[in-house]
Undergrad: 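Just passing along the structure, written as structure tokens.
Because the structure is predicted, anything quoted here is derived from the model rather than measured. Atom set for the values below is all heavy atoms of this structure, side chains included, hydrogens, waters and symmetry mates excluded.
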Amino acid sequence: MTKVLVLHSVCLVRSALAALLRSEGDFEVTSAGWRAAARQAEFLRPDVVVVDLDCPGVSAALADAGADRLLPEAPVSSPLLVLARADLPGSLRRAFRTQALGYVDKDGSPARLVRAIGKVAGGERFIDATLASAFMEADPVPLSPRELSVLARVAEGDSIAEIARALHLASGTVRNYMAAVTRKTGARNLIDAIRISRRAGWV
């Protein structure tokens, strides 16, 4: 039986997705909120971790992960499968940097998700055709990984002090990154930069 960990900050969404998977395949499914993600991955050692890229809080984690794992605190790295949308190619680029093994279109069928989990659990890559096209069409992200980390946390409502503590930066450095983000996105201010970046799927 394939062990699957479903991560989402919204309880109803993760519960519904877990129930769907239990009914569709031979899966042992556990769901958890985003804050408990690393701890659950360490405890359960799942064969596949399923993450919805629209999940609140995931943007900051994706930006922080860079080219490493999405769950850097977890000592055990499980294959990652992301649920994404073809109309937000920027979010796919961020996920790609975390070395996810599977990419499933959220507009696809449950059968596609079940097949993808089976492939990823077996160590194979799975990319929905619609998402593959989005990868090719995505514009380059003008922000550096660190600028994305800061912007994602600003978008989550973190204060400058909270961002500085989380990213081990000086408050002045955080302000400099905020100014750079505003300039590089061509925004009028930081709120406008968040709007532009969300529309492009960067955060």
Side-chain angles (χ1 to χ4, degrees), residues 1-66 68-132 134-135 152-153 155-156 198 201 203:
M1 183 174 286
T2 302
K3 293 190 295 183
V4 181
L5 174 60
V6 175
L7 300 178
H8 202 290
S9 296
V10 180
C11 182
L12 284 177
V13 174
R14 67 176 181 259
S15 297
L17 186 54
L20 170 67
L21 291 176
R22 291 188 189 104
S23 68
E24 292 284 339
D26 189 22
F27 301 130
E28 177 186 336
V29 186
T30 303
S31 63
W34 187 249
R35 293 187 183 277
R39 185 173 65 253
Q40 288 292 339
E42 175 186 1
F43 176 73
L44 296 168
R45 297 176 181 261
D47 299 304
V48 181
V49 177
V50 177
V51 179
D52 185 344
L53 289 187
D54 292 331
C55 167
V58 78
S59 290
L62 282 168
D64 290 350
D68 298 317
R69 294 175 297 169
L70 183 60
L71 305 175
E73 295 87 1
V76 178
S77 180
S78 300
L80 178 69
L81 184 152
V82 296
L83 306 178
R85 291 163 44 193
D87 60 342
L88 289 178
S91 65
L92 293 176
R93 289 288 178 99
R94 296 199 315 276
F96 188 71
R97 289 203 303 272
T98 69
Q99 301 176 5
L101 201 56
Y103 303 83
V104 175
D105 194 335
K106 290 172 67 174
D107 287 328
S109 67
R112 293 286 289 173
L113 176 57
V114 170
R115 180 169 177 244
I117 290 175
K119 292 279 190 182
V120 171
E124 298 181 51
R125 181 173 293 280
F126 183 96
I127 304 177
D128 261 330
T130 52
L131 299 184
F135 270 129
R153 290 183 178 277
E156 294 288 339
R198 280 181 168 162
V203 298

Undergrad: Could you pull out the closest heavy-atom pair between Leu81 and Val104, with the gap in Å?
TA: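 Taking every non-hydrogen atom into account, CD2-CG2, 3.8 Å.
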Undergrad: Output all residues satisfying side chain to side chain contact (heavy atoms under 4.5 Å, CB included) with Leu17, sequence neighbours left out; order by chain, then residue number.
TA: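 Testing Leu17 for side chain to side chain contact (heavy atoms under 4.5 Å, CB included), a comparison that skips the adjacent residues, returns Val6, Leu20, Val50, Leu83, Leu113.
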Undergrad: For Arg198, check salt bridge (Lys or Arg N to Asp or Glu O under 4.0 Å) against everything at least two apart and list the hits.
TA: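 Salt bridge (Lys or Arg N to Asp or Glu O under 4.0 Å) list for Arg198, sorted by chain: empty.
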Undergrad: Can you name the nearest heavy-atom pair linking Asp47 to Pro79, along with the distance?
TA: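 So the minimum-distance heavy-atom pair works out to O-CD, 3.2 Å.
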Undergrad: Is there any side-chain hydrogen bond (donor to acceptor under 3.5 Å, both in side chains) pair reaching into residues 13-25, and which pairs are they, with sequence neighbours excluded?
TA: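 Listed once each, the pairs would be none.
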Undergrad: Which pair of heavy atoms, one from Phe27 and one from Val29, lies closest together, and at what distance?
TA: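 In terms of heavy atoms, the two residues are closest at CB-CG2, 3.6 Å.
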Undergrad: Identify which one of Arg85, Lys119, Arg112 satisfies the salt bridge (charged side-chain N to carboxylate O under 4.0 Å, His left out) criterion when paired with Asp128.
TA: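 With Asp128 as partner, salt bridge (charged side-chain N to carboxylate O under 4.0 Å, His left out) holds for just one option, Arg112.
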Undergrad: Sequence neighbours excluded, which residues qualify as salt bridge (Lys or Arg N to Asp or Glu O under 4.0 Å) partners of Asp52?
TA: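 Salt bridge (Lys or Arg N to Asp or Glu O under 4.0 Å) list for Asp52, sorted by chain: Lys106.
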Undergrad: What are the two closest non-hydrogen atoms of Leu21 and Val4, and how far apart are they?
TA: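 Smallest heavy-atom distance, with atoms named: CD1-CG1, 4.1 Å.
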Undergrad: Compare every heavy atom of Ala121 with every heavy atom of Thr2, then report the nearest pair and how far apart it is.
TA: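 Smallest heavy-atom distance, with atoms named: CG2-CB, 3.8 Å.
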Undergrad: Output all residues satisfying side chain to side chain donor-acceptor pair (under 3.5 Å) with Arg115, sequence neighbours left out; order by chain, then residue number.
TA: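 Testing Arg115 for side chain to side chain donor-acceptor pair (under 3.5 Å), a comparison that skips the adjacent residues, returns none.
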Undergrad: For Thr130, which residues count as a side chain to side chain donor-acceptor pair (under 3.5 Å) partner, sequence neighbours excluded?
TA: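 If we apply the side chain to side chain donor-acceptor pair (under 3.5 Å) test to Thr130, skipping adjacent residues, the hits are Asp105.
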Undergrad: Name all residues meeting the side chain to side chain donor-acceptor pair (under 3.5 Å) criterion together with Lys3; count only those two or more places apart in sequence or in a different chain, and write none if there are none.
TA: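 Lys3 satisfies side chain to side chain donor-acceptor pair (under 3.5 Å) with no residue once adjacent residues are dropped.
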Undergrad: Taking only residues two or more places apart in sequence or in another chain, which ones pass side chain to side chain contact (heavy atoms under 4.5 Å, CB included) with Thr30?
TA: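 Listed in chain order: Leu5, Gln40, Leu44.
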